[in-house]
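Here's the structure we're looking at; comments come further down.
Quick note on labels: first sequence line is chain A, next is B, and so on, each numbered from 1.
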2 protein chains.
Amino acid sequence: MAAPKFIEIKQHLTELIEQGSLAEHAKVPSENALAAQFECSRMTARRALTELVEQGVLVRSQGQGTFVASLKSQGSMLTIRNIADEVKERGRGHRVQVLAKTRLAADTEVAIALGLSPGTEVGHTALLHLEEGLPMQLEHRYVNLALVPGYLEQDFALQTPHEYLSQVAPLTEAHHEVEAVVVDTATAELLQLGPGEPCLRILRRTWSRSGAVSFARLTHPGSRYRLGGHLVMDN
Amino acid sequence: MAAPKFIEIKQHLTELIEQGSLAEHAKVPSENALAAQFECSRMTARRALTELVEQGVLVRSQGQGTFVASLKSQGSMLTIRNIADEVKERGRGHRVQVLAKTRLAADTEVAIALGLSPGTEVGHTALLHLEEGLPMQLEHRYVNLALVPGYLEQDFALQTPHEYLSQVAPLTEAHHEVEAVVVDTATAELLQLGPGEPCLRILRRTWSRSGAVSFARLTHPGSRYRLGGHLVMDN
DNA sequence: AATCTTTGCTTGTATATACAAGTCGTCTGT
DNA sequence: ACAGACGACTTGTATATACAAGCAAAGATT
């Protein structure tokens, strides 16, 4: 019934930190000291410390010891999900219109994002994602065809680019930027924006083991879309 | 010189997954099987699995076994940082103007966010964060005074609300939403926006052990600010 | 005095072992 | 035919131990 011992130790340490007994950058008792204090083996004490390090509460340094991490460095996180899953999870209808599917020469922005030299041929797709018939995202995607040669042969009405790319080139890394923008009139019409309505834009670059795979510009109507996230920092 | 053994096992498994030998939801060899295969103890094999579970690559279930997690569930993350640190890290001057510091009755939005009944008195502060003299964020913050009674006595020109709150009520949880909005003319003037320029708005709610502490509405000029993040999914 | 060595503490990796606890199929008794 | 007991296999927790590797300060050598 009792909580596992390493959780007791974790709680004890986080309490000390939260009540201020263990200040920022203060040295935490060593693994051996904790083992003695809690009458457990070093490996159990070690596990408590290890998990707190993973949570960003502590910092360890071989040979020196374990220390309280700086409080402000505990950055919180926001999850970025793909629009198709998001819509489906809301239990609403998701549909896609394929607006473009071509090869084109990379301009400087795309070339830099994909780590190619400007002018290299890349795959370009433009998709409009609809939720219950209403436009929710305009997806402009540029793909490195050297890494994903079959990209343009896909039918994206059946399988979204994100799903296809996850299969053929599993991601190892991603980078996102989020900004608020005003779009040109053609795009505004596509997204059925109201007058003066801004858009939330996500720039997403993804890498697989072999290199930079794709660069996407995801544009959402500001009035209909919110990016939402959640994170538990402690436990 | 050689990599530790548990990293070898991790790499072996991620390779199997990436090349498709281990499909989604497929059963991964048990800890004992891996220990036999790699001629190591069960604890070492277990560590490899544990770390892959923490990365979201695998899923474990006591009694059943370990399985490959669904690929799409690997949502990527975006870090949300506080503006003061961000500006200082760029090596630029950060300054704050305190525009308001009062008690007021919570309207419905604030009351819901803080888990209070509408009309409860809460602390309200409005700060304008400047980077090299240019407005970068308008921070409207509502604080549960029952949990942080000293809030309104602080001088926020010296210590930002975020820093103060981190000290007196260490966060255990945070929730964010991000949206693109058009603001009223008074706010537009404060942020020195161009005509029709949209804003990136972050809604941030934070909890400490004792309950919902604060609700903040952070408004950034769309032309001068981008939310940027990064995540390594693998290793 | 300056430099190298030793010693002791720390964390990091790895092993062998034990028992607890959850799941599932099988075997058994009714 | 059904229910329950049992056993096999899985992950979860905990211990005791060993050696490697990094760091720092005290001590020995130059």
Side-chain angles (χ1 to χ4, degrees), chain A residues 1-14 16-17 21-70 73 232 234-235, chain B residues 1-14 16-17 21-70 73 232 234-235:
Chain A
M1 193 62 260
K5 202 165 275 187
F6 67 90
I7 289 191
E8 271 182 42
I9 302 178
K10 282 179 71 176
Q11 285 172 347
H12 174 252
L13 290 175
T14 55
L16 287 185
I17 293 172
S21 311
L22 277 173
E24 221 165 331
H25 303 119
K27 186 165 185 177
V28 171
S30 76
E31 298 175 354
N32 283 314
L34 283 172
Q37 182 181 344
F38 284 86
E39 294 177 332
C40 63
S41 81
R42 186 194 142 205
M43 293 308 287
T44 303
R46 177 176 178 74
R47 174 163 177 188
L49 293 179
T50 301
E51 294 195 3
L52 288 174
V53 166
E54 279 161 6
Q55 289 177 224
V57 177
L58 301 179
V59 177
R60 271 201 285 206
S61 164
Q62 187 174 7
Q64 289 185 266
T66 308
F67 306 87
V68 179
S70 56
S73 70
V232 179
D234 222 19
N235 57 337
Chain B
M1 192 62 263
K5 202 167 274 186
F6 68 89
I7 290 191
E8 270 182 44
I9 302 178
K10 282 178 71 175
Q11 286 172 347
H12 174 251
L13 290 174
T14 55
L16 288 185
I17 293 171
S21 310
L22 277 174
E24 220 165 334
H25 303 120
K27 186 167 187 178
V28 170
S30 75
E31 299 174 355
N32 283 314
L34 282 173
Q37 183 181 344
F38 283 87
E39 293 177 336
C40 62
S41 82
R42 186 195 141 202
M43 292 309 286
T44 303
R46 177 175 178 76
R47 174 163 179 188
L49 293 179
T50 300
E51 295 196 3
L52 288 173
V53 167
E54 280 161 5
Q55 289 176 223
V57 177
L58 301 180
V59 176
R60 271 202 284 206
S61 164
Q62 186 174 10
Q64 288 185 268
T66 308
F67 307 88
V68 179
S70 56
S73 70
V232 178
D234 222 17
N235 60 336

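The side chain of T44(A) contributes an N or O atom lying less than 4.0 Å from OP1 or OP2 of dT15(D). Taking 4.0 angstrom as the limit, S41(A) places none of its side-chain polar atoms (N or O) nearer than this to OP1 or OP2 of dT17(D). Remark: T66(B) is in phosphate contact with dT11(D), judged by side-chain N or O atoms under 4.0 Å from OP1 or OP2. In this model, the phosphate group of dT10(C) is not approached by any side-chain N or O of R60(A) to a distance below 4.0 Å at OP1 or OP2.
The interatomic distance linking R46(B) (CZ) with dA21(C) (P) rounds to 15 Å, in whole Å. Straight-line distance from the CD atom of E31(B) to the P atom of dA16(C): 15 Å, rounded to whole Å. K27(A) has its NZ atom 7 Å from the C1' atom of dT10(C), to the nearest Å. Rounded to a whole Å, the NZ atom of K10(B) is 12 Å from the P atom of dA14(C). Taking atom CD of residue Q62(B) and atom P of nucleotide dG22(C), one finds them 6 Å apart after rounding to whole Å. In this structure, the CG atom of L34(A) is 11 Å from the P atom of dT10(C), given to the nearest Å. Remark: C1' of dT15(D) and CZ of F38(A) are 17 Å apart, rounded to the nearest angstrom.
A residue-by-residue look at R42(A) and K5(A) shows that K5(A) has its nearest nucleotide of DNA chain D further toward the 5' end. Of the two residues near DNA chain D, Q64(A) and G63(B), the one whose nearest nucleotide lies more 5' is G63(B).
Under the 3.5 Å distance criterion, with hydrogens and angles disregarded, a donor-acceptor pair is assigned to the side chains of R60(A) and T50(A).
Heavy atoms of R47(A) sit under 4.0 angstrom from primed sugar atoms or phosphate atoms, though from no base atom.
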